[in-house]
Amino acid sequence: MELRFFPLDFDYQLREGKPFIYLYGKLEDNTKICVIQEHQPYFYAQFHKTNYAQIERRLKELIVEGKDGPAKITSWEIVEKELLGKKEEFFKIYVNYPKAVPLISKELSDWGLDCYERDIPFIHRYLRDKNILPFSLVEAKGKFILDQKMRVPLFEAEEIKPFSNETPPKFKILALDIETYSPERIEINPEKNPILMIAFYGIDEKDKEFRKVLTWKKFRHKLDYLETVSDEVELLQRFRQIILDYQPDILTGYFSDGFDLPYLHLRAEKYKIKLDLGLDYSELETGSKSDFREGKSRITGILHLDNLKFIRNIFGKNLKTESYSLDAVSEELLGHRKHQVKISELAHTWDHLPDKLEDYCEYNLHDAHLALQLCQKLLPDMIEFTKIIGIPTFDLIRMSFSKLVENYILKSAMEHNVLAPNRPGKNEIDLRMDQTYEGGFVYEPTPGLYSDLAVFDFRSLYPTIITAHNIGPESLNCSCCELEKRNNIPGEKNYWFCARKKSFLSKLLERLILIRVDLKGTLKEAKANGEDTKMLESRSYAIKTLANSFYGYTGFFGARWYCLECAKATTAYARDYIKKTIEKAQQKGFEVVYADTDSCFLLLKDKHLDPALEFMNEVNFDLPGHMELEFEGYYPKGIFVAAKGSEKGAKKRYALISENGKIKITGFEIVRRNSSPLAKEVQMEVLKLILIDKKEEALFYLKGKIKELLAGQIAKEKLVIKTQITRELSSYTSIGPHVAVALKMLERGINIFPGVVIEYIIAKGSGLIRERAKLPEEVKDGEYDSEYYLHHQVLPAISGIFAVLGYKEEDLYKDSSQTGLGQFF
DNA sequence: TATAGGCATCCCTAGTGGCAATT
DNA sequence: AATTGCCACTAGGGATGCCT
């Protein structure tokens, strides 16, 4: 019989010694199902034909003992594949089970053979071989089989193939959040501290909601979703039952990979409760006990999506947020925040004031609700990335950027009969890491307040250069073009790219660019018709993100398709194009104010935009391929400042105001996390006023603020400086203020790890700044170091701006500081 | 096992030289 | 007179976070 289903989660198992892929998903009527299919693992090897017969005999006899039984080669065939542009013959070697691939290939490597694609995860291999995309409708031919070890019907497929691109319209999603007992502030200790409450927030395909909070303390309340159990053991048992009863397609949370699920797991282990939540009765898998924060949490058959992982790895660069806390991310993506509850007092409330626990239950449920909404919001993006890259969503959202690109290339490699180069070994990585090359060109601006600026930039500069100039490891230094192309790359020598045969990499990129152009048309149409465009936008974003990552990938030391010349040539062309554009503008009589990598700022004469647009068209006329210079915008005013302690114009630091009064800030303290809100606020106000020609007002405002500052009247929150810890505290050679504060926090039992953002205030006192750096709660109102905030925060933020108008730094604070100091002496 | 390089800025670190106190 | 200790000053570099 035939059936159609949407595969969502994947696994493989040996059945009577044979490898089977397990595709967990649902039918079009939302019934859950597991489809299995046998599949042969394989890899490739290359060896010299002279030894052919001898090698074949050895292959036949080879047996390596492994955990899953003796690893053997089941068969092999000779195939022609393209490796880095060269067509060659390889042996495709099939083995008896997935883990035999590393065992057998290791042995073959020891014989001196080159092995390829021996580290491709078996499930990824299968999906690519069958051309199946997760979340897309798949057709399977076969029969239902009985298996008592499954919680869902099991269907064995003889044949399986993609049916359509369709994605399920709705999912059954369950979000999860736990609260734990922690007397010592943020201490996390699953050995010692129990779980106090668990919140669930679910939604099914019919939009019916499910809300529940479990807790094991009895108290009076008015919450209809609260279920009280007798103790933590029962709490964990109920947790298990609720997941099993609800049967979600997707389980979600916020850092559920590294906190909620491993914590539940460790507490369950403590009481010897089995969390056999998998649809095959397998247990919840989480990271190791010692560093569970780093691990992944998996339940076989239920797709676990940790929103934080996706945001941190992939989606985050699209966000403005300075922190990846649930609160900050929810605010940006959903427009609402966490409930404000003093979570540090939960333990005390639990012990002594149980009647006040209701607030915490609400808080707990609300967090689960936020996780659910985040998942719903991000799911289209996760799905579109999944469909383009063709790997399980579980793996995808936990992947670094470079791996995303690599997996996209791997999928396409199969379609183009290209063999993947191996990942670099340790020595190779070390060599690559020593290599650097020149990047983009930045034009030094002359400090000043300018009027009437037109900004142009190259659309997708690097991707379009790669395709227009056929850059790629496969086309590098071809023998056919050597004589004619040897010195074609601007400013580069002794390498070139083929003019005849398109490289695999640039072909791929070109395909992405074309799909996106097409998509933009569809999107426009859909919008005009008032259709829902979320999915199309997600797809467009995914494609753009991927395309933009190709260049960085070729210069990345860990890449399979590493190609230093490719990266070098890409930036060399880019520098050439932007410099030529600048020259051309100057020849046309425009003054160029600034340029960075792919952008160019022109001064308009008498406000006339038309000549500038004409110039743009002329540039475009000469550009190859998909390259295009675009008009980014017109700005009535813009300010460029000097670098500190220098006459020279500062690069990457300017502000523009558009016709509708919107201010665009680049590089200034305003957009930097590690600057106090006070400095940001003052800088913003001053810039605003100056950009609308209110210089006097700006100065007046500033002096007022300085007076306030020196009088100790600035609110504490405005003085908080936030700085991230980026490594283990012990590996700092230079102890800055944030590290000093972090060390203090560590002493108090607060968990500090890379990624934590430290908040501190500089208090009065003497000595090094770090000696005065205090936790915000340690500093009483007015006890901040006003001199520090004046000379290290406020003045540096605005003196460059006022300098453009001809003011010296002393002019800015002299009179106000006298009145200010008068209060102290 | 971190997609790239370019850049401004802050603050610590280590080195230098000057000066006064000490041997 | 030579040595030591302290201080002020500065160049250089570690560290962070931005820009494209």
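Every chain is numbered from 1, with letters handed out A, B, ... down the list of sequences. These numbers were taken from a predicted model, which means no experiment stands behind them.
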Contact check, residues 641-653 of chain A vs DNA chain C, heavy-atom distance under 4.0 Å, returns Lys652(A)

Q.
With a 4.0 Å limit, can you tell me whether Thr597(A) has a side-chain N or O closer than that to the phosphate oxygens OP1/OP2 of dC19(C)?
A. no

> Are any of Thr726(A)'s side-chain N or O atoms less than 4.0 Å away from OP1 or OP2 of dT16(C)?
Replying inline: yes

note: Leu629(A), atom CG; dT20(C), atom C1'; distance rounded to Å ~ 15 Å

DNA chain B: first to last nucleotide in contact with chain A (atom under 4.0 angstrom from a heavy atom), 5' to 3', is dT1(B) to dT13(B)

query: What nucleic acid atoms does Phe550(A) come within less than 4.0 Å of, heavy atoms only: base, sugar-phosphate, or nothing?
result: nothing

Q) For the side chain of Asp576(A) and the backbone of Ala572(A), is there at least one donor-acceptor N/O pair under 3.5 Å apart? A) no

### Query
Just checking Gly552(A): base, sugar-phosphate only, or nothing, at a heavy-atom cut-off of under 4.0 Å?
base

So Arg770(A), base contact, sugar-phosphate only, or nothing? Heavy-atom distance under 4.0 Å.
sugar-phosphate

Item to complete: Using a heavy-atom cut-off of under 4.0 Å over every strand shown, decide if Phe458(A) touches base, sugar-phosphate, or nothing.
Response: nothing

Atom CZ of Phe601(A) and atom C1' of dC19(C) are separated, to the nearest Å, by 11 Å

- Item | Student check: side-chain heavy atoms of Val592(A) and Phe601(A) closer than 4.5 Å | no

Is it possible for you to check whether Arg653(A) lies under 6.0 Å from the centre of the six-membered ring of Phe640(A), through NZ or CZ, and within 45° of that ring's axis? no

Spell out, as yes or no, whether a donor-acceptor pair under 3.5 Å connects the side chain of Arg516(A) to the backbone of Ser540(A). yes

**Message:** For Phe310(A) and Phe385(A), take the angle between the two ring planes, folded into 0 to 90°, and tell me which bin it lands in: parallel under 30, tilted 30 to 60, perpendicular over 60.
**Reply:** perpendicular

Residue pair Gly440(A)/Leu768(A) against DNA chain B: nearer the 5' end by closest nucleotide is Gly440(A)

In terms of heavy-atom contacts, Ala569(A) and Phe497(A) come closest through CB-CE1, 3.5 Å

Here the distance between atom P of dA15(C) and atom CD1 of Ile769(A), to the nearest Å, is 17 Å

SB check Asp257(A) Arg398(A) (cutoff 4.0 Å): yes

Open item on the list: For Tyr654(A) together with Tyr594(A), are the ring centres under 6.0 Å from each other?
Closed with: yes

Is Leu404(A) touching bases, backbone alone, or none of the nucleic acid, heavy atoms closer than 4.0 Å? nothing

Quick note, Val671(A) side chain, CB onward, closest among dT20(C), dG17(C), dC19(C) is dC19(C)

Open item on the list: Any base atoms under 4.0 Å from Thr666(A), or only sugar-phosphate, or nothing? Heavy atoms, all strands.
Closed with: sugar-phosphate

Rounded to whole Å, the CG-P distance (Asp457(A) to dC19(C)) equals 15 Å

Rounded to whole Å, the CZ-C1' distance (Phe456(A) to dT20(C)) equals 18 Å

Spacing of the C1' atoms in dA2(B) and dG17(C) (rounded, Å):
16 Å

From NZ of Lys722(A) across to C1' of dG17(C) the rounded distance in Å is 14 Å

Between Ser734(A) and Asp596(A), whichever has its closest DNA chain B nucleotide further toward 5' is Asp596(A)

At less than 3.5 Å, do the side-chain atoms of Arg673(A) and the base atoms of dT16(C) form a donor-acceptor pair?
no

Students often get this wrong, so: under 4.0 angstrom with heavy atoms, is Glu406(A) touching a base, only sugar-phosphate, or nothing? nothing

| request: With heavy atoms under 4.0 Å as the rule, sort Arg560(A) into base, sugar-phosphate or nothing. | output: nothing

If pairing means Watson-Crick or G-U wobble with both distances under 3.5 Å, then the partner of dG17(C) is dC7(B)

From CA spacing to verdict: salt bridge (Lys or Arg N to Asp or Glu O under 4.0 Å), Arg125(A), Glu117(A): CA-CA 10 Å; Arg125(A) 167 72 81 203; Glu117(A) 299 196 4; 3.0 Å; yes

Atom NZ of Lys317(A) and atom P of dC18(C) are separated, to the nearest Å, by 13 Å

For the residue pair Lys579(A) and Phe441(A), would you count it as a cation-pi contact if the rule is NZ or CZ under 6.0 angstrom from the ring centre and within 45 degrees of the ring axis?
yes

So what does Tyr443(A) hit on the nucleic acid, given a heavy-atom distance under 4.0 Å: a base, only sugar-phosphate, or nothing? nothing

Separation of dT20(C) atom C1' from Tyr462(A) atom OH, nearest Å, is 7 Å

field: Under-4.0 Å side-chain N/O to phosphate OP1/OP2 contact, Tyr732(A) with dT16(C)
entry: yes

Residue set satisfying disulfide bond (SG atoms under 2.5 Å apart) with Cys563(A), at least two apart, ordered chain then number -> Cys566(A)

